[in-house]
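For reference, the structure is listed below as structure tokens.
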Amino acid sequence: MILCVMLSIHVCKAEEKVRVADLRVENLINPLGLETTCPRFSWKLYSHKRNLIQEAYRVIVASSRENLNVDNGDLWDSRRVNSNETILIPYQGKQLTSRQVCFWKVQVWTNYGEIVSVDEGSWTMGLLALSDWKAKWIGLESLEAEGEDRKSGFEPKDEDDLRLNSETRLNARYMRKEIDLNKNIKNAVLYISGLGLYEAYLNGDKIGDQVLAPTPTDYTKRVPYNTFNVTSLLNKGKNTIGIILGNGRFFSMRIPWFRTFGLPQLLSQLEITYDDGTKETFVSDESWKVTIDGPIGSNNEFDGEEYDARKEMSGWNISGFNDVNWHSVELVKAPEGKLYSQENLNIKIMETINPVSIVKLSEDKYIVDMGQNMVGWVKLKVRGHAGDKIKMRFAELLKEDGNLYTDNLRGAKATDTYILKGGEEETWELSFVYHGFRYIEVTGFRDEPQLDNFEGKVIYDEMETTGNFETSNSTINQIYKNSYWGIRGNYRGMPTDCPQRDERMGWLGDRATGSHGESFIFDNQKLYAKWLTDIEDSQRQNGTLPDVAPNYWKMYTDDVTWPAAYFIIADMLYRQYGNDRPIIKHYDSFKRFLAYIQSNYMKDYIVTKDTFGDWCMPPESPEMIHSQDLERKTSGELLSTAFYYRLTVLMQKFAHMSGHQEDVLFYVDLAENVKTAFNKKFYNNTKRNYSNNTVTANVLAIMDDIAPDTVKKDVFKHVVDKTENEFKGHVSTGLIGIQWLMRCLTEYGRADIAYKIATNRTYPSWGYMIEKGATTIWELWNGDTADPAMNSANHVMLLGDLIIWYYEYLAGIKNADDAIGFSKLEMHPLIIGDLNYVKASYNSVRGLIQSHWQRNDGKFSWYITIPANCSAKVILPDAEGKTVTESGTNIKSVTDFKNITIANGQVVLEIGSGSYVFEIE
Ligand code: RAM
């Protein structure tokens, strides 16, 4: 059945044209307000043709469409460059200036002839110099916020007091300004930074579909602005700009428990070009008006939003509104950070889902079930009387009696209130707050609420879903689905640990290896590149790196395993997306961190400091969060030294790539010394294992390539023995060991154990979470029984290398060792357990990769697609001595196939682009 589908996909029309499409500048399609003056160009080649190779390209960049049309690259013409590169080609033309509009296209020569792009791209440059800004920062600081006074005076009794009693309340600020445009408008661009969060309107129309913008930073370091082309929203005559400011992370949810930056403030610059070529600029300044008496009251990311529809100010954001009762704005101090054009994508409503049930709990209390632990909010539809108050409380779980379980939200109130204006049906949704929830407790409805009174809005950074993955095993499929929901639910302009409790921090350790797996599912490169800058922003003078970034908590524990994510993710961006700039940009910071650790915490090449251990490993008793059992716990020194070693190895490559050749030898030596010290200290020559023989200790020694090759197999036997005998085929690691576990078991020949771990339904396992009703991934293996103090039901750190294993192993979609951005693939599917089929695809930076295999009655069929201009080493499992065909022809007779070899029962061959159907019988 599946095979028929495969075969029909394969039919290739010979006359089909090769296409060049998906033109991207800095990996964005038609971006506005680019920050870099050396943008890079990427495109994809589309073709079903086999062995298609780009032989040369020419990039043309013009200052007008007219010039582009006649191939006049007045800004840059690369001329014909003999190269097969299609990603991130750097601009080398005239100096680009603020606001410049650029048009570009690419011409490509392939071994099938020349293709002129049908697609053209364009971008505009941002405001590159501070002097481009004429706008002034405005706000309203003379009105005190509740909680604001606690910034200094508040003295908490203990941790809990601090957490619970440092909450803040502050109404949204509504700002407005009417302007006169006396001529016809040719072009209008708005540059805006509204801190913490803004919603912007022109003549009553909302600008853009972003929510919770701009994305969060350490505002003492960097202040993002967004750019919009707003030409279509303006008219000759009177026009009105209306802005609402929310608190976001600028005026923090908890002070002083969280860092805060100040009261909300706005910078807005509207630049108009008229038809006659003249220009006019309208900026935020002292002439604007403001009120804090609008419908959006307190808006606190942890506690929820309060909306009083009776306070709606009809027409406030259109011309002619009477604002005599509004205040004049105050000029406020600019935030310390550097203004920059935000290049990572904003958050948007990415999906809408409907609830699955409503249960009446008491006279006025209902529980709405969204059927899925989701992140975002609920759009409410209600009819009632003025003053009726609808209260919605959010939670991930229910108690046995059907009420919300909120203990694991800690201090987050997660409650929205909506007060009706009365009359017609009213609809409402959040502006500046979001929740992580599956269930909503609703009170205040006059009539019984119905399912269609609620609509779930799923929000996360606007990014393409690049991966699809399905197998014949329903547990694996459900874990994949839970991961998909969990990963995207924790993208909030930074990767957060969790979306529901009073935390929501960008914890570094959670994403080290996870980000690589995530990159198959989502095009997360812009988000992670931004996050690396957040991390860099948080680095201290002495080189220490934070545990959370942006550092809304000032946590610097000098751990190595958490900050390691900084390096590992830079490497991920390079390997998965071909982006070498993060490595080059952050090289000095990397170096400073390693030097800091070396001089402060290294003794005889062992790193003596570790804070978190193998975080959240399965503990010895069900209610525990952290194991206290010394036999289960892996030595902190071992963890930090193993990670340190890995970083020194990465630095050898990074030094080379960033032109610091002189450092390479230093890191080679350092790595060697660390490795020797590690083996000396932790290797037990008699038992042939590491330290106290935990799975994590042995797995790290093997996979970080610290254990000598001669002993790896013996060490691995202990991994197997522990897992099979002591843990009965279950995971025994926490956040650290899990980053390598699935790959280690598979690489060393026990994929069967990896498969068991992947499909277990008993504790501890991802399948166990499903067994207990999870629709996302838990923070703790024992999330159903552990203390609620740290027990999120939507955390992705325990995924470790599972998603990598799904794509690279089960599906066999993997970058070849020496390849960048999938220019060359190594396709080697893992045929294991009772799996009958795997159907995966990944839309890489070079195009769509597909792998669908199935086995049936001793016959193995595999459909694969290699993007144009790419190649693959294909490894056909269990093929020796069998008949191997491709599209019906014995592979030996297919002249295209190069280097066919047979080894270890596998047939290995090299292929070029195109689609193939291999069959082994
Ligand atoms: C918890 C977070 C996070 C983890 C840290 C160490 O508070 O949930 O996931 O990285 O602790």
Side-chain angles (χ1 to χ4, degrees), residues 159-160 162-164 253-254 257-259 301-302 373 375 396-397 407-412 436 483 486-487 489-492 494-515 517-518 528 531 534-535 538 544-566 568-569 609-619 624-627 633-634 636 639-640 643 696 733-739 766 769 774 776-783 786-800 802:
E159 260 273 316
D160 278 348
L162 177 64
R163 193 146 64 200
L164 298 171
M253 302 80 81
R254 300 286 184 264
W257 184 36
F258 273 59
R259 273 177 82 193
E301 190 179 311
F302 293 160
N373 196 4
V375 178
E396 296 180 299
L397 303 158
D407 293 358
N408 74 336
L409 304 183
R410 302 199 301 219
S483 311
I487 291 164
N490 277 297
Y491 286 155
R492 187 242 184 277
M494 59 176 170
T496 56
D497 62 335
C498 57
Q500 73 297 79
R501 69 182 178 217
D502 54 4
E503 183 160 359
R504 312 183 192 193
M505 283 290 197
W507 280 95
L508 270 61
D510 298 26
R511 300 304 180 122
T513 296
S515 62
E518 293 164 24
Y528 276 110
W531 196 44
D534 291 332
I535 298 173
S538 308
T544 180
L545 287 168
D547 297 312
V548 298
N551 61 349
Y552 302 126
W553 285 344
K554 291 208 168 181
M555 282 200 60
Y556 294 83
T557 59
D558 292 342
D559 189 77
V560 174
T561 51
W562 260 238
Y566 186 31
I568 294 168
I569 293 172
K609 183 77 198 282
D610 175 71
T611 311
F612 301 111
D614 192 9
W615 192 249
C616 299
M617 56 177 300
M624 285 180 109
I625 292 175
H626 298 300
S627 167
K633 286 170 77 166
T634 305
L639 301 177
S640 48
F643 268 67
T696 294
T733 72
L735 178 152
I736 300 293
I738 201 75
Q739 296 185 40
W766 302 288
M769 300 175 191
T776 37
I777 305 293
W778 293 344
E779 179 172 22
L780 304 174
W781 295 114
N782 53 331
D787 191 309
M790 201 189 88
N791 198 352
S792 132
N794 193 358
H795 236 74
V796 292
M797 65 186 186
L798 289 184
L799 282 174
L802 181 69

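First listed ligand is number 1; within each ligand, the first listed atom is number 1. The analysis underlying the following values was restricted to heavy atoms, covering all of them including side chains, and did not include hydrogens, waters or symmetry mates.
Salt bridge annotation for Glu503-Arg254: absent, with no cationic side-chain nitrogen under 4.0 angstrom from a carboxylate oxygen. Electrostatic pairing of Arg501 and Glu396 does not count as a salt bridge here, judged by no charged N lying under 4.0 Å from a carboxylate O. With salt bridges taken as basic N to acidic carboxylate O contacts below 4.0 Å, one links Asp502 and Arg410.
In this structure, Trp778 has its ring center at least 6.0 angstrom away from the ring center of Trp766.
Each of the following atoms of ligand 1 lies closer than 4.0 Å to a heavy atom of Trp562: 6 (C), 10 (O). The atoms of ligand 1 that sit less than 4.0 Å from any heavy atom of Met797 are 9 (O). Here is the list of ligand 1 atoms found below 4.0 Å of a heavy atom in Phe612: 6 (C).
Contact annotation: for His795 versus ligand 1, heavy atoms closer than 4.0 Å belong to the side chain alone.
From the protein, the heavy atom lying nearest to atom 2 (C) of ligand 1 is Asp497 OD2, 3.2 Å. Regarding atom 10 (O) of ligand 1, its nearest protein heavy-atom neighbour is Asp510 OD1, 2.6 Å. Considering only non-hydrogen protein atoms, atom 11 (O) of ligand 1 sits nearest to Trp615 CZ2, 3.2 Å.
The side-chain heavy atoms of Trp615 and Asp510, taken from C-beta on, include no pair separated by under 4.5 Å.
With atom 7 (O) of ligand 1 as the reference point, the heavy atom nearest to it among Met790, Glu503, Met505 is part of Glu503.
Between Trp507 and Phe612, the ring-plane angle classifies as perpendicular under the 30° and 60° cut-offs.
Heavy-atom separations between Arg511 and ligand 1 are all 4.0 Å or longer.
The side chain to side chain contact (heavy atoms under 4.5 Å, CB included) test with Phe258 is passed by exactly one of Glu301, Arg504, Met505, Lys554: Met505.
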